[in-house]
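We name chains A, B, ... by the order of the sequence lines, and we start the count at 1 in each one.
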Amino acid sequence: MPKLFNPTMECSTASCRLFPRVSARSRRGSSLKSAIIAQKPSTLAEDLPSKKRTNWGKYDNSLEQAAAAWRNHKTVNWELEKPLDRTTSFATLASLLKRCGQAKALYHGRLVHAHIRRYRYDWNTFLGNWVVKMYGDCGSIEDARSVFDNLPKINLYSWNILMNAYAQNGCGREALECFQRMQCDGIRPDQVSFVAALDACSSIAALEKGQEVHAAIVRRGYDRQLIVGNALVNMYGKCASLGDARNVFNQMVNRDVISWTAMITALSQNGHCDEALDFFDQMQGAGFKPNPITFVCALDACASLADLKKGQEIHAAIVEAGYEGRADMGNGFLNMHNALVNMYGKCGSLEDARRVFSRMPSRTVASWTAMITACSQNGHSKEALCLFNRMQSDGIKPDQITFVTVLDACTSLAALEKGQEIHAAIVECGYEEQVVVGTALINLYGKCGSLEDARNVFGRMPVRDVVSWNAMIAACAHNGHGMEALDLFDYMQSDGFKPNHVTFLSVLAACSHTGRVDAARRYFNSMREDHSLIPKVEHNVCLIDILGRAGLLDDAENLINSMPLESKARVWLCLLGACRIYGDVERGARAASHAIKLDPENAAPYVLLSNIYAAAGRYDDAQQVRDIMNNSRLKKIDSCHMEVDRIVRESVLREVAQVDKMVYVFVPKEAAQVADID
DNA sequence: ATAGGGTTAG
């Protein structure tokens, strides 16, 4: 039951000093809404398209509640000396709006805006521009637009602010439209407009448009400006045009830390992580000190390379710089700590990740999510689930990405019930409609054998992408519904989605389960011919497996010999498995010798070959292979991260089975040994 | 008396 506004309350009390005295007439409305939003929420709510209309109902709190919320807002931390009234200066209002934007405090920003609309008929473009910016910073782009459309006069600042609001909220197309329209309206873009236009191109990866803007920049002579150069490097990096990014960077007359950081990011996000780290060193050689953001980018490159040593070096440099444990400068240092946790997780050092995480000065959802991901991706799914609980008891609310990570942990534990519990929480938070969340749910249900649930989630998804189609196709393929998987493959394409490498893995798996050898060949060839996808090792393994199981050993071997793969060890191993089934000793020996030559530390080919000999009654040969194996130092399955319990035991076996299904099926003793390694 | 460049979890 909401508390109502108390008309007898004295407005000079601390609890409402932020609000102007309201007239008796408007008090009669008895709610904050009517008190401060006043008669007509015109430009805000009513001009918006109906489905995106702002829900003003949630501002229907009592005045005390709103004032308390305002005072207690931790990030904004208002310390207003005077209440807002008709005499509050525009400078004060502007600074309030700025702080609301920085803190992404939409609620408070709306309060200030409402105050201006109610009491400041003398508002001008200066103040209006700040309101537009506040809404843009708070991510409320429709509000930004409608305020912009009602500005008393639109100037260069207004356009630049609006363009940036669009570009930073993922509406690159609209930002570029603004760029056009401002010029039609006779306003000459300055360097800030060009930077915003480049940002818009980056956000939608519009390379051609970006080149057009670049040409206009050169025509107007803005290309020597530092911030323009930086934005150009960034734009070419985001549009995957690394050569252009390099050219711009090399030709820059001045460079600063941001230029170097932009270049490092461009390299690392386009698959040149080694070079990115070289640049990181060169930058320091050139006398620039990395800041927290530079460190984030460098750590990201280490994470992609899974280069633990380099990552630890950079961590040492962070300590050296005195950045570790610091919590000032907004989110700068916080993000850097998150990046450290993420890097250690991706590089497989859970201990380091834990250490950084436990020493963090403060933690956000992102920090918790990074730590949970680190656990879940390093075989500690149970710890991931524990952390998820602790995070919530620490008062941090999970976001969609946390849920995705936790669902992944459930998936690898095959913990269907826990997953369903989390599914319920997701529905409660209203995240079920998010593509990434839906996809993680389909994965969970698919891997846990609950195809019906996977279908339901997929059917309810309002938006799908290639990844969610892939998840659904995989769910069918791995639950004995190969035909349905192949049908979905067709539907997916008629829905306008292009299949990728992952799609074809599931398609081939579907062919394998339904025994469609010829179809598998056709799909395999169509990867290259119709979709310009080059089959990877996994696809080749899959096809060899299908041919091998069908007894087409000749075809399989010929195919391997014609494959332009870098390493064929796994493919030969696959053929070796097929030779085991069909008792083809000669071919088996050939395949084994290839496999051993290519991956001498793997025990699997020895085991398989020995079994082939044994099955053919050639016990001496079998023993000889085993002796060779036992006398050489072969790679053990790395299970030091594994806890020993039933589920994990199974997951170790699954891993072994992935290397070769035969190890488990035909050599149970071997498998048992593997599982006993702690 | 406003605007502007580099970062994060499938």
Which nucleotide, [options], lies nearest any side-chain atom of [X]?
X	options	value
Val192(A)	dA3(B), dG10(B), dT7(B)	dA3(B)
Asn129(A)	dG4(B), dG10(B), dT2(B)	dT2(B)
Thr265(A)	dA1(B), dA3(B), dT7(B)	dT7(B)
Ile401(A)	dT2(B), dG10(B), dA9(B)	dA9(B)
Asn335(A)	dT7(B), dA1(B), dG6(B)	dT7(B)
Trp130(A)	dA3(B), dG10(B), dT8(B)	dA3(B)
Leu156(A)	dT7(B), dA3(B), dG10(B)	dA3(B)
Lys346(A)	dG10(B), dG6(B), dT7(B)	dG10(B)
Asn338(A)	dG10(B), dT8(B), dA3(B)	dT8(B)
Val404(A)	dG6(B), dT2(B), dG10(B)	dG10(B)

Atom pair distance, as rounded to whole Å: [atom1] in [X] and [atom2] in [N]:
X	N	atom1	atom2	answer
Asn160(A)	dT2(B)	CG	P	13 Å
Leu151(A)	dA3(B)	CG	C1'	13 Å
Met263(A)	dT7(B)	CE	C1'	17 Å
Lys447(A)	dG10(B)	NZ	C1'	12 Å
Gln102(A)	dA3(B)	CD	C1'	14 Å
Trp159(A)	dA3(B)	CH2	P	19 Å
Leu340(A)	dT7(B)	CG	C1'	13 Å
Leu198(A)	dG4(B)	CG	P	15 Å

Give a yes-or-no answer on whether the side chains of [X] and [Y] include a donor-acceptor pair shorter than 3.5 Å.
X	Y	answer
Thr405(A)	Asp408(A)	no
Asp190(A)	Ser193(A)	yes
Ser158(A)	Asn155(A)	yes
Asn291(A)	Thr294(A)	yes

Counting any heavy atom closer than 4.0 Å, what does [X] reach on the DNA or RNA strands: base, sugar-phosphate only, or nothing?
X	result
Asn124(A)	base
Ile161(A)	sugar-phosphate
Asn291(A)	base
Gln225(A)	nothing
Val195(A)	sugar-phosphate
Leu226(A)	base
Thr294(A)	base
Ala196(A)	nothing

Just to confirm, is there a sub-4.0 Å distance from OP1 or OP2 of [N] to any side-chain nitrogen or oxygen of [X]?
X	N	value
Lys133(A)	dG4(B)	yes
Asn234(A)	dG6(B)	yes
Lys153(A)	dT2(B)	no
Gln400(A)	dA9(B)	no
Gln168(A)	dT7(B)	no

Taking the ring of [Y] and the ring of [X], is the distance between their centroids below 6.0 Å?
X	Y	value
Phe458(A)	Trp469(A)	yes
Phe90(A)	Trp123(A)	no
Trp159(A)	Phe148(A)	yes

| Does the dG4(B) base have a donor-acceptor partner in the side chain of Asp199(A) within less than 3.5 Å? | no
